[in-house]
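Scope of the values below: all heavy atoms of this structure, side chains included, with no hydrogens, waters or symmetry mates.
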Amino acid sequence: MPTLWVDADACPKVARDIIVRAAERTSTAAWFVANHAVPLPRSQWVKALAVSQGFDAADDEIVERIAAGDLLITSDLPLAMSAIERGAKVMTTRGEALNENNIRARVQMRDFMETMRASGEHSGGPKGYSDADRREFANALDRWLAKNG
């Protein structure tokens, strides 16, 4: 069975709760990796891995450990691209699949927007995490686990 890897540094609590419940229900290993302690329930299926402080330390740890066929849950596009290159599947916390067909364009758009922000352009940032986002993520995760479990 594939392992779930979670970029826990920016994972919304509601998405974290969905992942925990899904891991328990399907007996799937889920690793929450962050550069701080992540509050999680005691479970044989759900584990936290706190890495040393440092820029991208959690991302580097995930890339080192992830295997082909595993699922990474993240909205970090460079991390997603690295995981895809290692043969992993990637989903955002909004339930969107990132793959070899869409990741490069997404990274290029991210880099473009970063350049615009650096030049003083204000883009407003990402929208808040809605109930619709929560439902879409939960449904997408359930579909992935049913297909790959």
Side-chain angles (χ1 to χ4, degrees), residues 1-111 113-114 123-149:
M1 176 121 200
T3 299
L4 301 178
W5 293 94
V6 182
D7 179 11
D9 284 325
C11 183
K13 181 182 184 322
V14 66
R16 184 174 66 219
D17 293 344
I18 290 166
I19 296 162
V20 167
R21 285 192 306 271
E24 287 288 328
R25 187 180 69 250
T26 61
S27 302
T28 302
W31 283 90
F32 289 77
V33 184
N35 59 15
H36 62 278
V38 178
L40 294 169
R42 295 181 76 89
S43 168
Q44 75 178 69
W45 301 108
V46 178
K47 305 292 181 201
L49 179 60
V51 299
S52 62
Q53 296 288 333
F55 188 71
D56 289 339
D59 297 358
D60 294 343
E61 189 69 29
I62 291 169
V63 170
E64 184 177 311
R65 291 175 178 244
I66 202 163
D70 287 351
L71 176 65
L72 170 62
I73 299 169
T74 187
S75 295
D76 182 317
L77 296 175
L79 172 58
M81 188 156 61
S82 295
I84 290 166
E85 289 169 351
R86 292 187 55 101
K89 304 301 180 190
V90 179
M91 177 187 304
T92 70
T93 56
R94 297 178 194 270
E96 182 182 9
L98 299 176
N99 56 49
E100 55 280 339
N101 297 324
N102 64 13
I103 190 64
R104 294 201 192 299
R106 296 283 302 270
V107 170
Q108 288 172 342
M109 179 56 75
R110 171 197 164 270
D111 292 346
M113 294 305 289
E114 196 170 271
S123 62
K127 64 182 175 113
Y129 199 73
S130 69
D131 285 342
D133 293 327
R134 178 193 55 76
R135 281 189 304 275
E136 184 57 35
F137 173 65
N139 290 336
L141 181 58
D142 283 345
R143 285 190 303 270
W144 191 90
L145 287 167
K147 181 180 175 185
N148 296 283

Is there a side-chain contact between Pro2 and Leu71 (heavy atoms, below 4.5 Å)? no

Quick check against the 3.5 Å criterion: does Asp142 have a side-chain atom that pairs as donor or acceptor with the backbone of Asn139? no

Less than 4.5 Å apart, side chain to side chain, heavy atoms only: is that true for Val63 and Arg86? yes

Test of understanding: with salt bridge (Lys or Arg N to Asp or Glu O under 4.0 Å), list the residues that count as partners of Lys13, not counting sequence neighbours. Asp17

Side chain to side chain contact (heavy atoms under 4.5 Å, CB included) between Asp60 and Ser82: does it pass, once the steps are laid out? CA-CA 9 Å; Asp60 294 343; Ser82 295; over 6 Å; no

Would you indicate whether the side-chain heavy atoms of Trp45 and Val20 approach each other to under 4.5 Å? no

Counting C-beta onward and ignoring hydrogens, is there a side-chain heavy-atom pair between Leu141 and Ile73 closer than 4.5 Å? yes

Would you say the side-chain atoms of Tyr129 pair up with the backbone N or O of Thr93, donor to acceptor, closer than 3.5 Å? yes

Answer whether the closest heavy-atom distance between the side chains of Asn148 and Met1 falls below 4.5 Å. no

Given the options Thr28, Leu72, Val46, Leu4 meets side-chain contact (heavy atoms from CB on, under 4.5 Å) only with Thr28

Find out whether Arg65 and Leu49 are in side-chain contact, i.e. whether some heavy atom of one side chain is under 4.5 Å from a heavy atom of the other. yes

Looking only at heavy atoms, which two atoms of Cys11 and Ala15 are closest? And how far apart? SG-CB, 3.9 Å

When you measure from the side chain of Asn102 to the backbone N and O of Leu98, does any donor-acceptor pair fall under 3.5 Å? no

For Val51, is there any backbone N or O sitting under 3.5 Å from a side-chain donor or acceptor partner on Asn35? no

Once side chain to side chain contact (heavy atoms under 4.5 Å, CB included) is applied, do any residues pair with Asp59, and if so which ones, sequence neighbours excluded? Asp7, Asp56, Asp76, Leu79

Hey, does the side chain of Arg94 reach the backbone of Glu136 with a donor-acceptor pair shorter than 3.5 angstrom? no

For His36 and Asp9, what are the C-alpha separation, side-chain angles and deciding distance, and is it a side chain to side chain contact (heavy atoms under 4.5 Å, CB included)? CA-CA 8 Å; His36 62 278; Asp9 284 325; 3.2 Å; yes

Side-chain contact test, heavy atoms from C-beta onward, threshold under 4.5 Å: evaluate it for Asp133 versus Arg135 and give yes or no. no

Any non-hydrogen side-chain atom of Phe137 less than 4.5 Å from a side-chain atom of Glu96? no

